[in-house]
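The structure appears right after this line, and notes come after that.
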Amino acid sequence: MSADEISWQPPHLAVAGGGDFPVRHVWCVGRNYAEHAREMGVDPDKSDPVFFSKPAASAHQQQRVQYPAATEELHHEVELVVCLAEGGRNLGAEQWAGRIFGFAVGVDLTRRDVQARFKKAGQPWELSKGFDQAAPVGVIVRASDWSPDPEAGIELQVNGILRQQATLGEMIWSVPKLLERLSQNLTLHAGDVLMTGTPAGVGPLKVDDRVLARISGLPVLEFSVRGA
Ligand code: MN
């Protein structure tokens, strides 16, 4: 095996109306809905956006997600996903609108028991968020065809039972504000994806569960959880 034999492609996510979106990096935001911040034991009035990453390779559109290793508490977090057509560094909120390629529904799958253990030990909780298939994403809708309306509903059902329900207007930091804040820390690029945080109601998934995630006006994201 030599270096010139290595072949690798980033995940390509389907786009409504044709084409696909190659994923360069998956950025995530924690605590962007006040009720969820409270359920995680944090005062939303005193918290700043918490940014973290998932591996780009964890983004996918597969209909079956294998229950991950090394956890007994896999949690769902439904989120609005923003896909960038163009990057930038240290840009203001008003400069980001024209750089968005499109939007989708996503689920930030989380090994909650692993996260709790790392938090308690004061260690980075990277592995609670980054694992195989950790970022299911729905079909992307171009920004020319859809934009986040504060009234738009965001919800997640497990086996037909409603677990999470809110409106996008409940986000503490808007999409442009999040991009402004993140780009003050590093350079964003075309192909970057931002998962914008989850509303309250996160909870466990088990093998054979069927997950349905929805944001008004975007294609529904559905997947099932399969055993190892
Ligand atoms: Mn999340």
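Only this structure's heavy atoms are used, side chains among them; waters, hydrogens and symmetry mates stay out. Quick caveat, the model's predicted, so the values are computed rather than measured. Numbering of ligands and ligand atoms starts at 1, following listing order.
Remark: K129 engages E77, D108 in a salt bridge (Lys or Arg N to Asp or Glu O under 4.0 Å) (not counting sequence neighbours).
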Donor-acceptor pairs are to be reported for all side-chain atoms of residues 24-32 against protein atoms at under 3.5 Å, with residues two or more places apart or in another chain.
{"from": "R24", "atom 1": "NH1", "to": "D192", "atom 2": "OD1", "distance (Å)": "2.8"}
{"from": "R24", "atom 1": "NH1", "to": "D192", "atom 2": "OD2", "distance (Å)": "3.3"}
{"from": "H25", "atom 1": "NE2", "to": "S53", "atom 2": "OG", "distance (Å)": "2.8"}
{"from": "W27", "atom 1": "NE1", "to": "D192", "atom 2": "OD2", "distance (Å)": "3.3"}
{"from": "N32", "atom 1": "OD1", "to": "I172", "atom 2": "N", "distance (Å)": "3.3"}
{"from": "N32", "atom 1": "OD1", "to": "W173", "atom 2": "N", "distance (Å)": "2.7"}
{"from": "N32", "atom 1": "ND2", "to": "W173", "atom 2": "O", "distance (Å)": "3.1"}
{"from": "N32", "atom 1": "ND2", "to": "T196", "atom 2": "O", "distance (Å)": "3.0"}

Taking only distance into account, with no hydrogens and no angle test, what donor-acceptor pairs under 3.5 Å do side-chain atoms of residues 209-221 form with protein atoms, sequence neighbours excluded?
{"from": "D209", "atom 1": "OD1", "to": "N159", "atom 2": "ND2", "distance (Å)": "2.8"}
{"from": "D209", "atom 1": "OD1", "to": "K206", "atom 2": "NZ", "distance (Å)": "3.1"}
{"from": "D209", "atom 1": "OD2", "to": "K206", "atom 2": "N", "distance (Å)": "2.8"}
{"from": "R214", "atom 1": "NH2", "to": "E155", "atom 2": "OE2", "distance (Å)": "3.1"}
{"from": "S216", "atom 1": "OG", "to": "G153", "atom 2": "N", "distance (Å)": "2.9"}
{"from": "S216", "atom 1": "OG", "to": "G153", "atom 2": "O", "distance (Å)": "3.4"}

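No hydrogens or angles considered: a donor-acceptor pair under 3.5 Å links the side chains of Q164 and T198.
Checked by atom type and distance alone, the side chain of Q133 pairs as donor or acceptor with a backbone atom of R64 at under 3.5 Å.
Protein N/O/S atoms found under 2.8 Å from the Mn ion (ligand 1), listed by chain and residue number: E77 OE1, E79 OE2, D108 OD2.
Note: W125 and F52 have perpendicular aromatic rings, judged against thresholds of 30 and 60 degrees for the angle between ring planes.
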